[in-house]
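Here the structure comes first, spelled out in structure tokens, and everything after it is commentary.
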Amino acid sequence: MVHLLRRFGHDVVGAVGDGAALLAAAHRLRPALVVVDVRMPPDFRDEGLRAARRLQSEQPELAVLVLSQYVEQTFADELLEDRRGGAGMGYLLKERIGDVEEFADAVGRVAAGATVVDPEVVRQLLARRPDPLTRLTPREREVLALMAEGRSNAAIARRLVVTEAAVAKHIASILAKLDLPPAPDDHRRVLAVLAYLRV
């Protein structure tokens with residue numbers, strides 16, 4: 001992991017083996033981004049998740065990318081619920097590391113402040129609950145699904161083969177239909193994604 005991150009131009013200031021060491025290193029080194037496994041020593045349960053949530057609370061400017069072997073729906077809910085401010089947040093399955101370019105892109109987007117959720121996590125979160133977003137058109141749902149993956153307007157436009165203006169219009173409609181008016185303390189795009197993931 002250290003070699004991979006360095007290969008893509010990231011300065012790795014520390015590598016630790018457990019949640020307590022992660023907290024200590026993050027407080028001492030004040031990194032811009034931490035990459036953490038949900039399950040860490042000594043018990044391999046949710047030590048990494050707990051450390052990540054604590055760091056989110058103590059250092060709201062810190063970007064956090066959490067990796068998991070399997071889709072942990074409760075863990076994903078907890079992390080996304082705590083998403084605040086402008087700091088990046090990501091939740092990816094470890095298998096994504098195998099696609100080096102995709103993983104590097106996710107790391108870069110989280111470091112830049114985006115919310116990146118593994119597509120499989122999105123699929124499973126949606127599959128387990130009934131869909132209350134009935135006011136959205138099929139195209140708006142497509143746009144919102146891509147937003148949930150952390151895609152920019154330009155990336156969504158390329159994926160759907162439409163103009164960025166069309167994407168912006170869809171997003172404005174989504175925000176209106178989800179009753180998310182402009183507010184100085186809220187990031188409406190993130191709130192829309194959270195509403196989508198809670199379905």
Side-chain angles (χ1 to χ4, degrees), residues 1-118 121-122 147-152 155 183-194 197:
M1 180 67 70
V2 170
H3 174 74
L4 178 61
L5 291 170
R6 285 183 174 148
R7 175 181 159 194
F8 283 92
H10 299 285
D11 183 19
V12 179
V13 297
V16 299
D18 60 56
L22 172 63
L23 292 171
H27 291 138
R28 186 178 74 255
L29 300 169
R30 306 299 286 191
L33 166 74
V34 296
V35 180
V36 59
D37 194 327
V38 165
R39 300 178 188 275
M40 298 180 76
D43 298 322
F44 292 96
R45 282 188 227 149
D46 64 347
E47 292 83 0
L49 175 74
R50 284 188 280 116
R53 293 189 69 200
R54 183 166 165 189
L55 287 173
Q56 285 178 311
S57 173
E58 295 174 353
Q59 300 181 43
E61 75 286 356
L62 175 64
V64 176
L65 174 58
V66 176
L67 304 175
S68 181
Q69 185 70 36
Y70 308 102
V71 177
E72 308 271 7
Q73 293 179 343
T74 302
F75 294 170
D77 283 343
E78 290 176 13
L79 283 168
L80 294 168
E81 191 71 35
D82 280 351
R83 174 65 163 81
R84 66 190 77 193
M89 174 69 238
Y91 184 92
L92 293 178
L93 296 179
K94 289 182 185 177
E95 65 190 50
R96 299 292 171 219
I97 299 172
D99 185 336
V100 175
E101 298 290 336
E102 182 180 341
F103 178 68
D105 177 64
V107 169
R109 287 188 287 137
V110 171
T115 298
V116 177
V117 182
D118 193 287
V121 174
V122 172
M147 288 168 58
E149 292 178 19
R151 303 296 174 191
S152 67
D185 295 331
D186 294 334
H187 192 302
R188 296 191 300 157
R189 190 179 181 111
V190 172
L191 292 175
V193 168
L194 289 175
L197 295 176

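Heavy-atom basis, side chains included; hydrogens, waters and symmetry copies ignored.
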[X] versus [Y]: any side-chain heavy-atom pair under 4.5 Å?
X      : Y      : value
Phe103 : Met1   : yes
His187 : Leu191 : no
Arg53  : Gln56  : yes
Val36  : Leu67  : no
Val34  : Leu65  : no
Tyr91  : Val116 : no
Asp37  : Lys94  : yes

Of all heavy-atom pairs between [X] and [Y], which one has the smallest distance, and what is that distance?
X     : Y      : result
Ala63 : Val110 : CB-O, 3.5 Å
Ala51 : Leu23  : O-CD2, 3.7 Å
Pro31 : Val13  : CB-CG2, 4.2 Å
Pro41 : Gly17  : CD-O, 3.0 Å
Leu33 : Leu62  : N-CD1, 3.8 Å
Ala52 : Val66  : CB-CG2, 4.1 Å

Can you list everything that forms a salt bridge (charged side-chain N to carboxylate O under 4.0 Å, His left out) with [X]? Sequence neighbours excluded, please.
X     : answer
Asp99 : none
Arg54 : Glu58
Asp18 : none
Glu47 : none

Return the set of residues passing side-chain contact (heavy atoms from CB on, under 4.5 Å) with Ala155 (not counting sequence neighbours), or none when no residue passes. Arg151, Ser152, Arg158
Worked check of side-chain contact (heavy atoms from CB on, under 4.5 Å) between Arg189 and Met147: CA-CA 8 Å; Arg189 190 179 181 111; Met147 288 168 58; 3.4 Å; yes
Does anything in residues 21-31 form a salt bridge (charged side-chain N to carboxylate O under 4.0 Å, His left out)? List the pairs, not counting sequence neighbours. Arg30-Glu61
Side chain of Arg39, backbone of Asp46: donor and acceptor closer than 3.5 Å? no
Nearest 0.5 angstrom please: Ile97 CD1 to Leu92 CG, how far? 8.0 Å
Show me the pairs that pass side-chain hydrogen bond (donor to acceptor under 3.5 Å, both in side chains) and involve residues 5-16, at least two apart or across chains. none
Check step by step if salt bridge (charged side-chain N to carboxylate O under 4.0 Å, His left out) holds for Arg96 and Asp118. CA-CA 8 Å; Arg96 299 292 171 219; Asp118 193 287; 2.7 Å; yes
